[in-house]
Enquirer: 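The following block contains the structure, expressed as structure tokens.
Chain letters run A, B, ... following the sequence lines, proteins first and then strands; every chain starts at 1.
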Amino acid sequence: MAEGKEESKSSEESVKLFVGQVPKHMTEPELLAMFQEFALVDEVNIIKDKATRVSRGCCFVICPSREEADKAVNACHNKKTLPGASSPLQVKYADGELERLEHKLFIGMLPKNVSEVEISALFSQYGTIKDLQVLRGSQQTSKGCAFLKYETKDQALAALEAINGKHKMEGSSVPLVVKWADTEKERQARRAQKAQSQASNVPHSDSQHPSLFGALPMGYVPPYNGYGYQAPGGYGLMPYRMPPMQSQHGFHNMMPHMNHQGNALRPDLGPNMNPRNYHVAPASYVGSYPAVTGLQHPMAYPTGMISPRPMNASPGSVSPASGNNNTAASSGGSKNSGGQVEGPPGANLFIYHIPQEFGDEELANAFQPFGMVLSAKVFVDKATGVSKCFGFVSYDSPEDAQSAISMMNGFQLGGKKLKVQLKRDNKQGKPY
DNA sequence: TCATATT
């Protein structure tokens with residue numbers, strides 16, 4: 001109630017688009033007017049930070065039909081850059097929209113020798129099949145599952161309800177599994193989860209106990225990890241019953257088994273390293289960074305170094321910045337996650353060649369000796385969570401940024417040398 | 001290699 005209208009009309013045909021590279025100062029009416037030049041648009045919703053209500057630089061656009069939505073996409077995506085934005089508008093179907101519109105089903109528990117023709121014969125009883133694809137391995141052998149698209153949602157639903165858990169293909173002792181196909185987002189989530197579970201199999205052994213790795217049983221998988229994925233959707237969310245075992249088996253066929261732990265999971269172990277040699281540091285450990293605690297003082301300060309702020313603590317202490325205690329990056333609850341705080345002009349740094357294992361916090365720690373760190377952000381791959389090895393650090397004063405550059409640019413961290421420079425500024429300065 | 005973000 002307090003927020004006004006709860007949600008907009010979402011008829012079956014209307015299509016939601018996600019739009020990125022929207023300047024934060026633009027209003028919904030302005031955006032609506034702009035998009036209406038290209039397509040019928042029912043509504044624009046700016047996506048705002050939950051806490052601050054400030055625009056996150058993107059919005060949703062609701063179009064009455066797929067045709068209209070496509071017009072907006074074709075006219076705007078990568079086609080025009082709004083004043084203040086650094087790159088062209090990104091206009092695409094919002095997460096889950098395409099899947100919703102495609103009425104795409106997953107079919108599991110198919111006997112391996114069943115072909116498209118037989119599946120088609122069964123499923124065409126319930127509607128017009130627009131697309132059907134059996135998943136196959138390298139030798140064209142069926143993986144026992146398929147994707148199928150119907151013309152309408154009603155058809156898909158009818159097939160789902162009639163077949164899932166009920167219909168057995170000829171010669172099979174188990175019924176088919178039919179469910180809505182995962183959305184792209186769900187797949188990404190699963191990928192990320194898998195990547196993370198693999199990472200957690202080699203838990204920071206670099207810093208403290210490299211030998212621990214060799215002590216783990218070969219087949220060790222953390223208990224919470226289970227199969228490394230979850231049954232899609234979660235049973236509680238499904239509007240129909242799916243026998244749990246079938247669901248798991250169906251996906252078991254699709255998912256590679258957890259690998260035996262080997263050097264493939266240890267990029268830092270050379271090909272000749274085996275667990276029996278773990279007590280010898282691999283060459284790549286030499287420059288490797290011992291996680292957070294070791295980072296308090298990335299460099300030996302030149303004796304004559306002028307500290308940007310008066311510091312009582314000696315360079316060897318753990319809190320060099322005690323004189324400029326910074327709330328943004330280190331202490332307390334305001335962790336500055338998500339919304340990036342930008343410092344004044346000249347106080348924002350772009351950093352490249354950040355060690356892979358660094359996260360926001362490690363980056364902040366590395367740069368806080370030079371001033372008040374307003375924000376520190378390491379960019380990570382959306383799907384895998386892996387660091388892209390670059391990021392940003394913002395100070396509250398350009399002088400701090402300069403001293404960070406002079407001290408940290410070229411500083412060897414891990415295998416590579418940091419590149420530290422002022423962040424590019426896309427904003428056009430005030431015209432006077 | 002420069003803030004890509006899904007109410």
Side-chain angles (χ1 to χ4, degrees), chain A residues 2-10 15-28 31 42-62 69 73 77-78 81-82 84-100 183-189 192 328 336-343 345-356 359-360 363-364 373-395 401 405 409-410 416-427:
Chain A
E3 295 299 325
K5 56 175 184 286
E6 280 296 316
E7 67 180 53
S8 52
K9 55 178 177 291
S10 66
V15 176
K16 175 155 57 177
L17 299 175
F18 175 83
V19 180
Q21 295 302 321
V22 176
K24 292 191 190 345
H25 58 79
M26 287 192 75
T27 66
E28 288 173 351
L31 288 161
D42 292 329
E43 193 173 325
V44 171
N45 298 121
I46 289 178
I47 299 167
K48 311 184 192 75
D49 181 273
K50 209 179 336 155
T52 69
R53 308 302 299 172
V54 59
S55 166
R56 304 188 67 157
C58 48
C59 70
F60 289 119
V61 168
I62 315 287
V73 171
H77 179 65
N78 270 140
T81 301
L82 265 22
S86 54
S87 41
L89 277 177
Q90 300 300 108
V91 186
K92 42 205 238 209
Y93 284 39
D95 282 350
E97 276 304 86
L98 203 50
E99 293 84 353
R100 182 179 71 78
T183 66
E184 178 64 26
K185 198 178 193 177
E186 288 166 323
R187 296 216 304 273
Q188 279 182 4
N336 180 18
S337 53
Q340 292 91 349
V341 186
E342 185 149 344
N348 304 290
L349 300 178
F350 171 73
I351 296 127
Y352 194 56
H353 292 162
I354 298 170
Q356 187 89 53
D360 295 353
L363 183 63
V373 174
L374 298 179
S375 70
K377 180 98 198 139
V378 174
F379 276 72
V380 298
D381 182 273
K382 227 183 329 203
T384 66
V386 172
S387 165
K388 292 187 165 172
C389 299
F390 74 89
F392 298 91
V393 168
S394 293
Y395 291 103
I405 290 174
N409 186 39
K416 295 175 184 169
K417 292 181 175 176
L418 285 182
K419 181 171 291 190
V420 182
Q421 45 194 216
L422 285 178
K423 176 177 120 51
R424 213 181 281 149
D425 195 0
N426 284 313
K427 286 184 298 229

Enquirer: Return the value, rounded to whole Å, for the distance between atom CD1 of Ile62(A) and atom P of dT6(B).
Expert: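 Going from Ile62(A) (CD1) to dT6(B) (P), I get 16 Å.
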Enquirer: List the atom of Val44(A), the atom of Glu28(A), and the distance in Å for their closest heavy-atom pair.
Expert: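 Looking at all heavy atoms of both residues, the shortest contact is O-CD, 3.4 Å.
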Enquirer: Which label fits Phe350(A) and Tyr352(A): parallel for a plane angle under 30°, tilted from 30 to 60°, or perpendicular past 60°?
Expert: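 Aromatic pair Phe350(A)/Tyr352(A) classed parallel.
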Enquirer: Look at the side chain of Lys185(A) and decide which nucleotide, out of dA3(B), dT6(B), dT4(B), has an atom nearest to it.
Expert: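 Output: dT6(B).
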Enquirer: Please determine whether a side-chain nitrogen or oxygen atom of Gln21(A) lies at a distance below 4.0 Å from atom OP1 or OP2 of dT4(B).
Expert: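 For Gln21(A), the contact criterion (side-chain N or O under 4.0 Å from OP1 or OP2 of dT4(B)) is met.
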Enquirer: Would you indicate which nucleotide in dC2(B), dT4(B), dT6(B) comes nearest to any side-chain atom of Gln90(A)?
Expert: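 When the side chain of Gln90(A) is considered, dT4(B) is the closest of dC2(B), dT4(B), dT6(B).
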Enquirer: May I have the distance from Phe390(A) (atom CZ) to dT1(B) (atom P), rounded to whole angstrom?
Expert: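 Value for this atom pair: 8 Å.
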Enquirer: Lys423(A) has a side chain; which of dT6(B), dT4(B), dA3(B) sits nearest to it?
Expert: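 In terms of side-chain proximity for Lys423(A), the closest of dT6(B), dT4(B), dA3(B) is dA3(B).
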Enquirer: Find the distance Lys388(A):NZ to dT1(B):P and express it as a whole number of Å.
Expert: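 The answer, rounded to whole Å, is 9 Å.
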Enquirer: Got more than 12 heavy atoms from elsewhere within 6.0 Å of NZ, Lys48(A)?
Expert: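 Buried by this count: over 12 neighbours within 6.0 Å.
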Enquirer: Can you name the side chain to side chain donor-acceptor pair (under 3.5 Å) partners of Asn78(A), sequence neighbours left out?
Expert: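 Testing Asn78(A) for side chain to side chain donor-acceptor pair (under 3.5 Å), a comparison that skips the adjacent residues, returns Gln90(A).
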Enquirer: Rounded to the Å, how far apart are Leu98(A) CG and dT6(B) C1'?
Expert: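 That distance rounds to 15 Å.
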Enquirer: In whole Å, I'd like the distance from the CD1 atom of Ile405(A) to the C1' atom of dC2(B).
Expert: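 In whole Å, dC2(B) C1' lies 13 Å from Ile405(A) CD1.
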Enquirer: Atom CG of Asp49(A) and atom P of dT6(B): how far apart are they, to the nearest Å?
Expert: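 Value for this atom pair: 11 Å.
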Enquirer: Using a 4.0 Å heavy-atom cut-off across all strands, classify Lys92(A) as base, sugar-phosphate, or nothing.
Expert: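 Base contact.
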Enquirer: Side-chain donor-acceptor pairs under 3.5 Å in residues 17-27 of chain A, sequence neighbours left out?
Expert:
unit_1	atom_1	unit_2	atom_2	d
Gln21(A)	OE1	Ser87(A)	OG	3.2
Gln21(A)	NE2	Ser87(A)	OG	3.4
Thr27(A)	OG1	Glu30(A)	N	3.3
Thr27(A)	OG1	Glu30(A)	OE1	3.4

Enquirer: Can you identify which nucleotide, out of dA3(B), dT6(B), dT1(B), has its nearest atom closest to the Arg56(A) side chain?
Expert: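 The closest nucleotide is dT6(B).
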Enquirer: Using whole Å, report how far CG of Asp381(A) lies from C1' of dA3(B).
Expert: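 Those two atoms, CG and C1', are 16 Å apart.
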Enquirer: Nearest to the side chain of Phe60(A) - dT6(B), dT1(B), dC2(B)?
Expert: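 Out of dT6(B), dT1(B), dC2(B), the nucleotide with an atom closest to Phe60(A)'s side chain is dT6(B).
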Enquirer: Closest approach to the side chain of Arg424(A), judged atom by atom: which nucleotide of dC2(B), dA3(B), dA5(B) is it?
Expert: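 Ranking dC2(B), dA3(B), dA5(B) by closest atom to the Arg424(A) side chain puts dC2(B) first.
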Enquirer: Under 4.0 Å, counting only non-hydrogen atoms across every strand here, what does Thr183(A) touch: a base, just sugar-phosphate, or nothing?
Expert: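 The residue Thr183(A) makes no contact with any strand.
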Enquirer: Ser375(A) has a side chain; which of dA3(B), dT6(B), dT4(B) sits nearest to it?
Expert: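 Of dA3(B), dT6(B), dT4(B), dA3(B) is nearest to the side chain of Ser375(A).
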Enquirer: Figure out the CD1/P separation between Ile47(A) and dT6(B), and round it to whole Å.
Expert: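 So the CD1-P distance, Ile47(A) to dT6(B), works out to 7 Å.
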Enquirer: Tell me whether Phe18(A) and dA5(B) count as stacked here, given that the ring centres must be under 5.5 Å apart and the planes must differ by less than 30 degrees.
Expert: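 No, the aromatic ring of Phe18(A) does not stack with the base.
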